[in-house]
J.: 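One structure coming up, written as C-alpha cells, with questions to follow.
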Amino acid sequence: MWIADKYIDYVKEKTVSSPGESWDRMLLGFKANKLRTKILPKKGISRGYQKLEAMMMSFVADSLRKSDSYVWGNIFSPCEIIGSFGLNTLSIECLACYFSGYHLEDYFIDFAQNTGIAPTLCSYHKTFVGAIDSGAVPVPEYAVTTSLSCDGNLNTFRYLEKKKGVPFTFLDVPYRDDGASVDYLAEQLKNFAGELERHFGRVFDEEKLRNSLKIENETRKALMEFFRLQSERYYPGELISHLYMMMGMHLLIGTQEFLDLIRFMIEDIKTYPKFEGKKILWIHLLPFYQETLQSYFNSSRKYQIIASDIIMDSMEELDENRPFHALAGKIIRNLYNGSYSHKAEMVGRLADTLHPDAVIQFCHWGCKQSSGGSILLKEKMQEMEIPMLILDGDGIDRRNSHDGQIKTRLEAFLEILDGGEAEESEEKEQKKIC
C-alpha cells in the first residue's frame, strides 16, 4: 500500500500548489483504485463487502469521466428520476469523502473559510465548496438538492450556482405527512423531470421510473433480510463498508446491479459462522477515518456494526403505479425529516427488528439536528432498555475529532457492555446453585 500512500501525498502536494491542474491526477487515482478493488480486494473483509467497495469505486470513477454523465445532488436527492434519464447521481457529501481519501479535506475547508464561508457550515459542504472554489474540481451541467435534512443544502447549491453557474433544482420537502404535502412534493418532482428533459435533451420514460421503484422495493426487503442475518452471523467489514452501503442505498437504489449485490451478500453471509459478540446499531454519520473506531469495529469478532439508520432511512413500500407520489411519500417519511421524535420512533422500530446490544450515535460537528436530538433518542433507547453512547466528532475533518476523547468514552462504554454480559452470566449461575 506504500505506492498508494505515496500517490496520495503527491496529489495533495500538487493540488495545494496548483489546484487548477490537479483534477486529472485525482481522476487517475480514482481509476487506479477502481482496478485495485477488482483485482486486489482488501483482505480480512467478507466477499460481499469487497464487491460493494469495488462497485462504489467503479461508480464514482466511471461517472466522473464526463461532466454531462452525472448530476450533483445531496444524499437525499431522487436518484431514481435522474437514473431514468441514463444519468448518475453524485452526492456532494460522498464526493467530499472521496476527496478526503487524498487527505485534502483540510486544505479545501480552509480554502472555503478563507473566501468567506462560515466556519459553522457542515464540513462536508465546506470541503466541497473549497474543492470547487479552488478550481480543483470541474463542475457538471446540472444539480439538485432537497431541504432534507441539512439547512446548509440550499445555501451551498445557491453559492455554487452564483460562483460557477451550475443551474439547480431545489426540492422543498414539507415536514407534514399528509395528502396535500405529498401532492405538493410530487408536483415538484414532475417539474424536476421536465427540467432534466429540457436541459439534457432526453425524453423522460415513466416506465423506466416505475421499473426502478419495483427493483427498489425488492432491494429494501433484501437488505432488511441481510441485516437480520448480519445480526446473527459474523460478517467482517470495515467502518467504510457501511459508508459504501449508505452510498449504494442513496445513489444506486433502483438498479438491478445493486439488487444483485445484496442478494449475493444474503447467500454469502450464510456461509459465515455465528456471531458471538456485541451487536451495534449505528446512528447518523460514520467517521470512516477515525483510528480508534477502526481498531474496535474493523473486522472485529467482539463488536459488529449490524446496521446504520442512515442506510435504512426509509422503510416503506413504494407504489410503482404512482411513481412521483411514491417518491414524494418516501422523501417526506424519511426518518431525517420532521421532528426528532419521528426519527426516534423509526430507530426504535429498527431496533425492535434487529435486537442490537447497544446503540452508538455519532454527533457530527456542525450538524444541529444530530446534536440537538440525541437526548430524545437516548430517552427512547432507555425505554427499550438498550444502552446508548453519544460520541462527538467530525465525519470528515480529522482536526475536529479528538481521538483521545473518543477512545476514553468508547472503551468505557464497551467495558460496561462486556461487564453487563458477565454479570448476567453470573446471575444465571447463582440461580442454578440456588
Side-chain angles (χ1 to χ4, degrees), residues 5 8-23 25-27 29-30 60 64 72-75 90-140 143 145 149-164 166 239-240 243 246-247 284-291 293-294 310 362-371 391-406:
D5 292 336
I8 287 171
D9 292 340
Y10 166 74
V11 170
K12 178 167 185 175
E13 178 186 342
K14 294 298 182 182
T15 301
V16 172
S17 61
S18 304
E21 302 172 8
S22 66
W23 180 241
R25 299 184 182 101
M26 280 195 272
L27 196 56
F30 292 145
V60 172
L64 289 174
W72 275 348
N74 73 322
I75 198 63
L90 291 178
S91 83
I92 64 171
E93 302 94 339
C94 293
L95 284 174
C97 291
Y98 277 77
F99 301 150
S100 177
Y102 285 112
H103 299 173
L104 281 165
E105 75 286 346
D106 55 350
Y107 169 69
F108 288 148
I109 288 171
D110 290 345
F111 194 101
Q113 291 181 176
N114 289 337
T115 58
I117 298 298
T120 53
L121 181 67
C122 169
S123 49
Y124 289 91
H125 286 248
K126 285 188 294 187
T127 298
F128 197 76
V129 168
I132 301 304
D133 267 359
S134 67
V137 177
V139 299
T145 189
S149 64
C150 174
D151 57 6
N153 284 325
L154 178 58
N155 290 334
T156 296
F157 280 80
R158 276 179 174 166
Y159 180 82
L160 295 173
E161 180 187 44
K162 180 179 179 181
K163 292 293 292 284
K164 296 295 181 179
V166 181
L239 276 179
I240 201 169
L243 176 63
M246 182 272 291
M247 289 176 61
H284 204 46
L285 301 172
L286 287 136
F288 58 94
Y289 65 88
Q290 219 285 321
E291 293 179 0
L293 295 175
Q294 287 179 348
I310 203 168
F362 186 79
C363 291
H364 168 64
W365 189 90
C367 186
K368 302 176 185 65
Q369 65 91 6
S370 174
S371 300
L391 290 176
D392 298 308
D394 197 300
I396 191 170
D397 189 351
R398 293 164 171 83
R399 299 170 297 181
N400 278 340
S401 286
H402 303 287
D403 186 71
Q405 293 180 12
I406 290 176

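Quick caveat, the model's predicted, so the values are computed rather than measured.
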J.: Hey, are the side chains of F128 and F99 touching, using non-hydrogen atoms and a 4.5 Å cut-off?
T.: yes
J.: So how far is it from T127 OG1 to I132 CD1, rounded to the nearest 0.5 Å?
T.: 11.5 Å
J.: List the residues meeting side-chain hydrogen bond (donor to acceptor under 3.5 Å, both in side chains) with S100, not counting sequence neighbours, and say none if there are none.
T.: E105, R398
J.: Set out, in order, the CA-CA distance, both residues' side-chain angles and the distance that settles side-chain contact (heavy atoms from CB on, under 4.5 Å) for I109 and S123, then state yes or no.
T.: CA-CA 7 Å; I109 288 171; S123 49; 4.0 Å; yes
J.: Can you find a heavy atom in the side chain of T156 that is under 4.5 Å from one in the side chain of L121?
T.: yes
J.: With sequence neighbours excluded, what pairs up with S18 under the side chain to side chain contact (heavy atoms under 4.5 Å, CB included) test?
T.: E21
J.: ring-ring contact (aromatic ring centres under 6.0 Å, His included) with Y102: which residues, sequence neighbours excluded?
T.: F30
J.: Side chains of N153 and E93: closer than 4.5 Å at any heavy-atom pair?
T.: yes
J.: Could you check if a side-chain atom of L243 sits within less than 4.5 angstrom of a side-chain atom of C97, using non-hydrogen atoms only?
T.: yes
J.: For A112 and V129, work out which heavy atoms get closest and say how close.
T.: CB-CG1, 4.2 Å
J.: Within the structure provided, determine whether Y159 and D133 are in side-chain contact (heavy-atom separation under 4.5 Å).
T.: yes
J.: Please check this pair: side chain of H364 against backbone of D394, looking for a donor-acceptor N/O pair closer than 3.5 Å.
T.: no
J.: If every non-hydrogen atom of I75 is compared with every non-hydrogen atom of C94, which pair is closest and at what distance?
T.: CD1-SG, 3.7 Å
J.: For S401, what residues pass the side-chain hydrogen bond (donor to acceptor under 3.5 Å, both in side chains) criterion, not counting sequence neighbours?
T.: Y289
J.: To the nearest 0.5 Å, what is the distance between CD1 (I396) and CG (L286)?
T.: 13.0 Å
J.: Got a sec, which residues hit side chain to side chain contact (heavy atoms under 4.5 Å, CB included) with A143, two or more places apart in sequence or on another chain?
T.: W72, F157, V166, F168
J.: At what distance, to the nearest 0.5 angstrom, does CD of E13 lie from CG of L104?
T.: 11.5 Å
J.: Test of understanding: with side-chain hydrogen bond (donor to acceptor under 3.5 Å, both in side chains), list the residues that count as partners of N155, not counting sequence neighbours.
T.: none
J.: State, without any angle test, whether Q290 and D403 hold a side-chain donor-acceptor pair at a distance under 3.5 Å.
T.: yes
J.: What residues, two or more places apart in sequence or in another chain, satisfy side chain to side chain contact (heavy atoms under 4.5 Å, CB included) together with D9?
T.: none
J.: Out of curiosity, H103 NE2 to T15 OG1, how far, rounded to the nearest 0.5 Å?
T.: 13.0 Å
J.: Heavy atoms, side chains only, cut-off 4.5 Å: are L391 and C363 in contact?
T.: no
J.: Among residues two or more places apart or on two chains, list those pairs meeting salt bridge (charged side-chain N to carboxylate O under 4.0 Å, His left out) that have a residue in residues 114-131.
T.: none
J.: Report the C-alpha separation of L293 and F288 in whole Å, then their side-chain angles, then the decisive distance to 0.1 Å, and conclude whether the side-chain contact (heavy atoms from CB on, under 4.5 Å) test is met.
T.: CA-CA 8 Å; L293 295 175; F288 58 94; over 6 Å; no
J.: Mind checking whether W23 and M26 have side chains closer than 4.5 Å, heavy atoms only?
T.: yes
J.: State, yes or no, whether a side-chain contact exists between V60 and Y98 at a heavy-atom distance under 4.5 Å.
T.: yes
J.: Looking at residues at least two apart in the chain, or sitting in another chain, which of them share a side-chain hydrogen bond (donor to acceptor under 3.5 Å, both in side chains) with D397?
T.: R399
J.: Can you sort out the partners of V16 under side chain to side chain contact (heavy atoms under 4.5 Å, CB included), two or more places apart, ordered by chain and number?
T.: K12, Y107
J.: Nearest heavy-atom pair of S134 and F108: which atoms, and what distance?
T.: OG-CE2, 3.6 Å
J.: Suppose we screen for salt bridge (Lys or Arg N to Asp or Glu O under 4.0 Å). Which residues come up paired with K164, at least two apart in sequence or across chains?
T.: none
